[in-house]
Amino acid sequence: MDTTAVPLLPAPRFEGSEAAAAFIARVQEFIRDELQPLAREHGITHESGAPRALLEQVWKRSHALGFYGVTLPRSLGGAGFSLADHVQIKEAIYASGSPFAAHVLGELTGPPRVGALAAKATPDQMERFILPVAHAEKAICFAITEPDAGSDAGALQTRARREGDEWVLDGTKRFISGSPFCDFAVIIASTSEDPATRETTAFFVERDRAGFRIDAGYKTMAGQSHTANIVLEGCRIPAANQIGERGRGLALALGRITVNRVLHCPAMLGLARLALEDALAHAVRRRQFGQPIGAFQAVQHMLADMATELAAARALMLGVARTIDAGGEARAEASMAKLFCSETAFRIADRAVQVHGGEGIVQGSRVEFLFRLLRMYRVLTGTSEIQRNTIARELLGASVR
């Protein structure tokens with residue numbers, strides 16, 4: 001084994017509150033001392049995934065330590081962190097390399113999925129849906145995307161028709177993150193009686209209801225198994241499961257889209273940091289022509305570009321977060337951040353593969369996995385092209401609307 005000392009990539013400069021810095025230190029300790037050994041014990045990797053029972057163990061332990069509901073409103077036990085604090089917390093979690101990263105704060109199926117719904121939930125819905133998720137007792141997913149309704153979220157084919165004191169839902173939701181291990185889903189469906197009229201409404205739908213089926217017959221290109229389809233066939237739910245006003249489903253779902261676009265950036269940048277760290281380590285360890293490949297200018301330039309672009313993307317992310325914290329609209333800026341961070345993170349992963357050479361294209365190497373995962377982020381949560389559309393519309397204003 002090569003025991004050459006490997007230089008560590010300096011930690012990114014922390015630019016948040018003292019409370020957030022203390023939170024990061026505690027969550028890093030949790031990942032290092034509990035989650036990493038748990039992953040090794042059960043053979044859990046990013047690609048293999050974890051069974052529901054093990055995820056429940058992570059959710060409940062994270063909740064007990066005060067991490068799981070940190071993003072909730074203060075009234076539900078949230079910490080009240082600024083967005084700038086939040087993105088740096090999330091960046092640190094993903095930069096740990098833990099396959100449980102998406103579960104520490106409950107991003108995939110936990111509190112971040114219901115925080116924005118709390119203001120619209122009835123007391124009954126708070127008891128049946130919101131609080132069980134907040135307390136790590138139940139898991140939830142958010143289902144908008146369909147086979148023919150992706151970027152055009154308003155073109156939903158899933159239908160909900162009112163029959164007395166019930167709604168009956170029919171349709172298919174596609175590529176729904178967290179659905180394989182959800183207990184219930186937030187379903188956005190068309191409630192218009194006229195197919196030419198767009199009217200969408202949101203519903204809580206329990207997984208154990210007749211006519212609700214999870215179709216998990218595929219994996220993404222990153223090999224992950226936390227995405228599936230939801231098929232609804234005559235699924236009856238009580239009228240009390242309707243969330244908010246009829247016809248306000250998409251508005252409810254997209255009400256925090258600006259913030260959510262920014263909140264996807266730290267995951268990408270944390271993963272990109274891993275790719276850069278691996279590239280640096282390989283550049284020192286791998287020797288060719290009698291010297292480390294890091295001595296070659298071609299490799300040095302790739303590493304320099306990776307570090308520079310990572311710093312630039314991070315600065316953009318933090319700048320947009322601060323603008324939103326100050327009350328700014330930042331619709332275009334949030335799309336800029338999502339666009340630039342996703343494209344930059346993938347370029348960093350691509351160069352990391354190049355630095356690794358043959359080792360970088362072998363399945364099982366981390367940079368090969370990161371290459372595939374970060375390629376997906378250019379599509380997930382709004383493609384790069386959709387972000388460009390949003391930016392251009394904001395720049396051009398009403399003149400092209």
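Below, all heavy atoms of this structure are taken into account, side chains as well, without hydrogens, waters or symmetry copies. The structure displayed is predicted, hence computed values, not measured ones.
Between Thr258 and Ala330, the shortest heavy-atom contact is CG2-O, 3.6 Å. The nearest pair of heavy atoms linking Ile188 to Lys173 is O-NZ, 2.6 Å. Shown here for Ala160 and Ala189, the closest heavy-atom pair between the two residues is CB-CB, 4.0 Å. Annotation for Pro99 and Thr45: closest pair CB-C, 3.7 Å, computed over non-hydrogen atoms. The two atoms that bring Ala50 and Ile44 nearest to each other are CA-CD1, 3.8 Å, heavy atoms only. The two atoms that bring Gly211 and Cys235 nearest to each other are O-CB, 3.7 Å, heavy atoms only.
The number of heavy-atom neighbours closer than 6.0 Å to CG of Asp33, taken from other residues, nucleotides and ligands shown, is above 12. Under a cut-off of 6.0 angstrom, the local environment of CD in Gln297 is sparse, with at most 12 non-hydrogen atoms contributed by other residues, nucleotides or ligands. Few gaps surround CD on Glu137; more than 12 heavy atoms of other groups in view lie less than 6.0 Å from it. By the 6.0 Å contact criterion, CD on Glu163 is enclosed, its count of non-hydrogen atoms from other residues, nucleotides or ligands being greater than 12.
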Side-chain donor-acceptor pairs under 3.5 Å in residues 260-276, sequence neighbours left out?
unit_1	atom_1	unit_2	atom_2	d
Asn260	ND2	Arg256	O	3.4
Arg261	NE	Gln387	OE1	3.3
Arg261	NH1	Ser335	OG	3.0
Arg273	NH1	Pro10	O	3.1

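Within the 4.5 Å cutoff, the side chain of His135 has no heavy atoms near those of the Pro111 side chain. Under the 4.5 Å side-chain criterion, counting only non-hydrogen atoms from C-beta, Ile93 is in contact with Val104. Side-chain contact between Val186 and Cys141 is absent, with no heavy atoms from C-beta onward closer than 4.5 Å. You'll find the side chain of Thr323 stays beyond 4.5 Å of the side chain of Glu333, heavy atoms only. Using a 4.5 Å heavy-atom cutoff, the side chains of Gln288 and Phe296 are in contact. Here the side chains of Leu55 and Thr109 are not in contact, with every heavy-atom distance at 4.5 Å or above. Between Pro238 and Arg209, some side-chain heavy-atom pair lies under the 4.5 Å cut-off. Asn229 has its side chain within reach of Tyr218: a pair of non-hydrogen atoms, C-beta onward, lies under 4.5 Å apart.
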Passes side-chain contact (heavy atoms from CB on, under 4.5 Å), Val133 versus Ile140? Steps please.
CA-CA 7 Å; Val133 172; Ile140 192 169; 4.0 Å; yes
Run Ser62 and His103 through side-chain contact (heavy atoms from CB on, under 4.5 Å) and show every step you take.
CA-CA 8 Å; Ser62 181; His103 299 280; over 6 Å; no
Could you go step by step and tell me if Phe14 and Gln88 meet the side-chain contact (heavy atoms from CB on, under 4.5 Å) rule?
CA-CA 7 Å; Phe14 181 75; Gln88 291 179 91; 3.5 Å; yes
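For Lys90 and Glu107, the salt-bridge test passes: some basic side-chain N is under 4.0 Å from an acidic carboxylate O. Salt-bridge formation is not detected for the pair Lys219/Glu47: no Lys NZ or Arg NE/NH1/NH2 atom is positioned less than 4.0 Å from an Asp or Glu carboxylate oxygen. The residues Arg161 and Glu193 are annotated as not salt-bridged, no charged nitrogen and carboxylate oxygen being separated by less than 4.0 angstrom.
At least one cation-pi condition fails for Arg162 and Phe203: the charged atom is not both under 6.0 angstrom from the six-membered ring centre and inside a 45 degree cone around its axis.
Rounding to the nearest 0.5 Å gives a distance of 5.0 Å between CD1 of Ile230 and SG of Cys182. Between the CD1 atom in Ile237 and the CG atom in Leu169 there is a gap of 5.0 Å [rounded to 0.5 Å]. Going from atom CD1 of Ile187 over to atom OG1 of Thr201 covers 13.0 Å, rounded to the nearest 0.5 Å. Atom OG1 of Thr191 and atom CD of Glu199 lie 3.5 Å apart (nearest 0.5 Å). Remark: Leu156 CG to Leu250 CG distance equals 5.5 Å, nearest 0.5 Å. Here the CG atom belonging to Leu318 is positioned 7.0 Å from the CD atom belonging to Glu91, to the nearest 0.5 angstrom.
Side-chain atoms of Ser190 and Arg159 include a donor-acceptor pair closer than 3.5 Å. Checking Ser17 against Asp85 by side-chain atom types alone, a donor-acceptor pair falls below 3.5 Å. When only modelled atom types and interatomic distance are considered, Asn241 and Glu206 share a side-chain donor-acceptor pair under 3.5 Å.
Ring-centre distance between Tyr377 and Phe346: not below the 6.0 Å cut-off. Aromatic ring centres of Phe212 and Phe184 lie farther apart than the 6.0 Å criterion allows.
Ring-plane geometry between Phe23 and Phe81 is classed as perpendicular, the angle between the planes exceeding 60 degrees on a 0 to 90 degree scale with a lower cut at 30. A tilted orientation is assigned to the rings of Trp59 and Tyr68, their planes being inclined by 30° to 60°.
For residues 348-365, the pairs satisfying side chain to side chain donor-acceptor pair (under 3.5 Å) are Glu309-Arg351, with sequence neighbours left out.
With sequence neighbours excluded, the residues forming a side-chain hydrogen bond (donor to acceptor under 3.5 Å, both in side chains) with Glu329 are Arg331, listed by chain and number.
Although no hydrogens or angles enter the test, the distance criterion places a donor-acceptor pair under 3.5 Å between the side chain of His46 and the main chain of Gly97. The closest donor-acceptor contact from the side chain of Glu41 to the backbone of Leu38 lies at 3.5 Å or more, if one exists at all.
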